[in-house]
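Working notes, structure below.
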Amino acid sequence: MRRCVVTRARLAPGQMIRFVVAPGLRLVPDLDARLPGRGIWLSARRDVLETARTRGAFARAARCQVIIPSDLAGVIEAGLLRRVTETLGLARRAGQTVCGYAKVRERIEAKSAGLVVQASDGSPDECVRLLSGARSLPVVKPLAAAELGKVFSRERIVHAALRAGALADRLQQDSERLAGLVGMTELRAPGISGDRVEQADR
């Protein structure tokens, strides 16, 4: 469990974003939670990131001034999208995933699906029908149909399913973190360019 420097809530690392201060005092998001250095943990929520960005939480936690990249929000979003795509690709190559409504429905009926992926622009009603009899099965929607299709070398894909396991767990965590931060590129203030320097309270 880790404590969010903004909300003070204690959460599992998979529900949070870790940051470290790199050489040159530059703030870096550590999505794998493996970089050396003292970690600064935030709940994976848009409002929490905004509060940390505007109220000096990063500098207070680091106990020094830090340079916040002007594209920090975009870097986090792009990193999570990359992790989602890579995990889906790994699952496909490992034979742990199927795509298409019929194949996903077969896996659900056979109780061999651990996670369902639906395109973010897919039909909610169709998802309800797909999950008939298995409403407790987790569903994530990190990619649009065209983006999901690229993973499976198709024009577009609306539904996929992964077997339960480490890859499904990682995909679910990253998708939920991304969902909590969706739209956060709007946090970048219009008309301001360059990096922002945040000074620690002394």
Side-chain angles (χ1 to χ4, degrees), residues 1-2 4 7 9-18 29-34 41-49 73 76-185:
M1 304 293 282
R2 298 291 184 270
C4 174
T7 66
R10 292 181 65 85
L11 300 170
Q15 298 175 276
M16 308 181 80
I17 304 291
R18 182 179 188 258
D30 176 21
L31 300 179
D32 286 320
R34 293 179 180 176
W41 293 83
L42 286 185
S43 302
R45 288 176 16 208
R46 177 181 174 181
D47 60 328
V48 172
L49 178 63
I76 298 171
E77 184 175 0
L80 287 172
L81 283 170
R82 182 170 57 252
R83 285 171 60 87
V84 163
T85 302
E86 289 174 351
T87 302
L88 276 169
L90 285 171
R92 181 194 177 193
R93 291 191 293 275
Q96 295 186 22
T97 183
V98 295
C99 65
Y101 186 97
K103 289 183 178 179
V104 171
R105 183 61 197 163
E106 287 175 4
R107 185 157 288 191
I108 291 173
E109 290 176 344
K111 301 186 185 302
S112 61
L115 178 69
V116 170
V117 181
Q118 184 184 32
S120 57
D121 49 351
S123 165
D125 290 339
E126 190 173 31
C127 187
V128 170
R129 290 193 296 273
L130 180 69
L131 294 174
S132 177
R135 298 293 173 83
S136 62
L137 195 61
V139 179
V140 294
K141 303 179 181 184
L143 302 172
E147 298 168 328
L148 195 55
K150 290 178 182 178
V151 177
F152 293 91
S153 301
R154 299 188 183 184
E155 184 175 344
R156 65 193 309 272
I157 290 293
V158 178
H159 300 103
L162 280 73
R163 291 197 186 102
L167 291 177
D169 291 344
R170 171 175 164 164
L171 181 61
Q172 183 176 354
Q173 287 182 355
D174 286 339
S175 297
E176 289 174 352
R177 291 197 293 175
L178 181 61
L181 297 166
V182 72
M184 66 182 179
T185 52

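Only heavy atoms go into these numbers, but all of them, side chains included; no hydrogens, no water, no symmetry mates. This is a predicted model, so every value here is computed, not measured.
The salt bridge (Lys or Arg N to Asp or Glu O under 4.0 Å) pairs that include a residue from residues 164-176 are Arg83-Asp174, Arg170-Asp174, Asp174-Arg177, where partners are two or more places apart or lie in different chains.
A donor-acceptor pair under 3.5 Å is formed between the side chain of Thr7 and the backbone N or O of Ala9. Arg105 contributes a side-chain N or O that, together with a main-chain N or O of Leu130, makes up a donor-acceptor pair within less than 3.5 Å.
When the shell of 6.0 Å around CZ of Arg135 is examined, it contains more than 12 heavy atoms from other residues, nucleotides or ligands.
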Open item on the list: Would Leu148 and Arg154 count as a side-chain contact (heavy atoms from CB on, under 4.5 Å) here? Give the steps.
Closed with: CA-CA 8 Å; Leu148 195 55; Arg154 299 188 183 184; over 6 Å; no
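Residues Gly122 and Val158 approach most closely at CA-CG1, 4.1 Å, considering heavy atoms. Counting all heavy atoms, side chain and backbone alike, Pro138 lies closest to Gln172 at CB-NE2, 3.7 Å. In this structure, Leu162 and Ala91 approach most closely via the heavy-atom pair CD2-CB, 3.8 Å. Between Arg2 and Pro13, the shortest heavy-atom contact is CG-CG, 4.1 Å.
Using a 4.5 Å heavy-atom threshold, the side chains of His159 and Glu126 count as touching. The shortest side-chain heavy-atom distance between Leu49 and Ile17 does not fall under the 4.5 Å cut-off. At least one side-chain heavy atom of Met16 sits under 4.5 Å from a side-chain heavy atom of Cys4. When side chains are defined from C-beta on, Val104 counts as touching Ile108, because their heavy atoms get closer than 4.5 Å. For the pair Leu143/Leu81, a side-chain contact is recorded, criterion being any heavy-atom separation below 4.5 Å from C-beta on.
Residues passing the side-chain hydrogen bond (donor to acceptor under 3.5 Å, both in side chains) test with Arg92 are Ser153, sequence neighbours excluded.
The structure places CG of Leu88 at 10.5 Å from CD of Glu86, a figure rounded to the nearest 0.5 Å. A distance of 5.0 Å separates CG in Leu80 from CG in Leu31, rounded to the nearest 0.5 Å.
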